[in-house]
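The block underneath contains the structure these notes are about, expressed in structure tokens.
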Amino acid sequence: MKVKHCAEIIIGDYQFAESLNQEVLHQLKSAKDIGHTNVKAFHTEWDWLSNNQKIKNFKSFILSEIEKHYQPGARVDGSRDLGKIVSLWGNLYKKGDYAQSHSHKSFDCSFAYFVKAKWYDSPLIFDDSGKRIRPKEGRYVIFPPYLLHSVPKNRYNHERVTLSGNYLLNRNR
């Protein structure tokens, strides 16, 4: 079986950002911080809001973008294996918070989404290349899971909020 993996960074804007962002910010008020991750900021549970319709719609959109750009389940015989978003969590960065350099190697694709941010807030940095993705509310970034990435310390008093997640190809066929 020949499987294509995420091989490049895809950046785009989610068309239902305003509605999703309002929902995420509302739900964060009652979320619990799991702590002890590479994200040195408020971090929700790994499969956060899995039954929330706006989150389901967003995950479906990200899944369709992964399928469109990478065709990860394409087989030589023309058939397809389907994958799924296996985790999605929220991150809330306050002044001084950051994410240390890390990767998501055990997955087939990863993504980040900017819920609340100013253009001058800490970027998402791909450490090996130095590529910096400036925050923009409603922007998503899909990337190969093996890329080391980090977020510098938040220097401002306002919050920077993101969603992050991982995609895994179903290889049970």
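Treat the numbers as computed from the prediction; the structure is a model and nothing was measured.
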Please test Lys153 against Ser122 for side chain to side chain donor-acceptor pair (under 3.5 Å), starting from the C-alpha separation and ending with a verdict. CA-CA 7 Å; Lys153 282 187 179 181; Ser122 299; over 6 Å; no

Within a reach of under 6.0 Å around NZ of Lys94, are more than 12 heavy atoms found that belong to other residues, nucleotides or ligands? no

So for atom CD, which belongs to Glu18, do other residues, nucleotides or ligands contribute more than 12 heavy atoms lying within a distance under 6.0 Å? no

[X] side chain to [Y] main-chain N or O, any donor-acceptor pair under 3.5 Å?
X      : Y     : result
Asp47  : Ser50 : no
Tyr70  : Glu8  : yes
His69  : Glu67 : no
Gln100 : Asn38 : no

Distance check, rounded to the nearest 0.5 Å: [X] atom [atom1] versus [Y] atom [atom2]?
X      : Y      : atom1 : atom2 : result
Leu20  : Gln15  : CG    : CD    : 12.0 Å
Gln22  : Gln27  : CD    : CD    : 12.5 Å
Ile9   : Ser129 : CD1   : OG    : 5.5 Å
Lys40  : Tyr98  : NZ    : OH    : 6.0 Å
Ser110 : Ile62  : OG    : CD1   : 11.5 Å
Ser106 : Asn166 : OG    : CG    : 7.0 Å

Non-hydrogen side-chain atoms of [X] and [Y] separated by less than 4.5 Å:
X      : Y      : value
Phe126 : Leu124 : yes
Lys118 : His158 : yes
Lys56  : Leu49  : no
Asn91  : Ser164 : yes
Pro152 : Ile125 : yes
Asp33  : His43  : yes
Val24  : Ile55  : yes
Thr162 : Val115 : no

Is a donor from one side chain sitting under 3.5 angstrom from an acceptor on the other, for Asp127 and Ser150? yes

Donor-acceptor side-chain pairing of Thr44 and Lys32 below 3.5 angstrom: no

Lys/Arg-Asp/Glu bridge criterion (N-O < 4.0 Å) met for Asp121, Arg134: no

Less than 4.0 Å between a side-chain N and a carboxylate O, is that true for Lys84 and Asp108? no

Please report the C-alpha distance between His149 and His104 in whole Å, then the side-chain angles of each, then the deciding distance to 0.1 Å, and finally whether the ring pair (Phe, Tyr, Trp, His ring centres under 6.0 Å) criterion is met. CA-CA 9 Å; His149 55 284; His104 301 233; 4.9 Å; yes

Should His102 and Leu148 be marked as a side-chain contact (heavy atoms from CB on, under 4.5 Å) after you check the CA-CA gap, both sets of side-chain angles, and the distance that decides it? CA-CA 5 Å; His102 66 285; Leu148 288 173; 5.5 Å; no

Using ring centroids (six-membered ring only for Trp), state whether Tyr140 and Phe58 fall under 6.0 Å. no

Between Phe16 and Phe61, does the ring centroid distance fall short of 6.0 Å? no

Give the C-alpha distance, both sets of side-chain angles, the deciding distance and a yes or no for side-chain contact (heavy atoms from CB on, under 4.5 Å) between Lys116 and Glu159. CA-CA 7 Å; Lys116 182 179 178 185; Glu159 297 171 340; 3.9 Å; yes

For Trp89, the option from Trp48, Trp46, Phe42, Phe111 that meets ring-ring contact (aromatic ring centres under 6.0 Å, His included): Trp46

Walk me through it: do Glu23 and Asn52 pass the test side chain to side chain donor-acceptor pair (under 3.5 Å)? CA-CA 9 Å; Glu23 181 69 11; Asn52 182 292; 2.7 Å; yes

Quick check: closest heavy atoms across Ile133 and Arg139, and the distance to 0.1 Å? CG2-CD, 4.1 Å

Might you point out which heavy atoms bring Ile142 and Cys109 nearest each other, and give the distance in Å? CG2-SG, 3.6 Å

Examine Arg160 relative to Tyr93 and say whether NZ or CZ is less than 6.0 Å from the centre of the six-membered ring and inside a 45° cone about the ring axis. yes

Could you go step by step and tell me if Tyr113 and Leu88 meet the side-chain contact (heavy atoms from CB on, under 4.5 Å) rule? CA-CA 10 Å; Tyr113 172 78; Leu88 180 140; over 6 Å; no

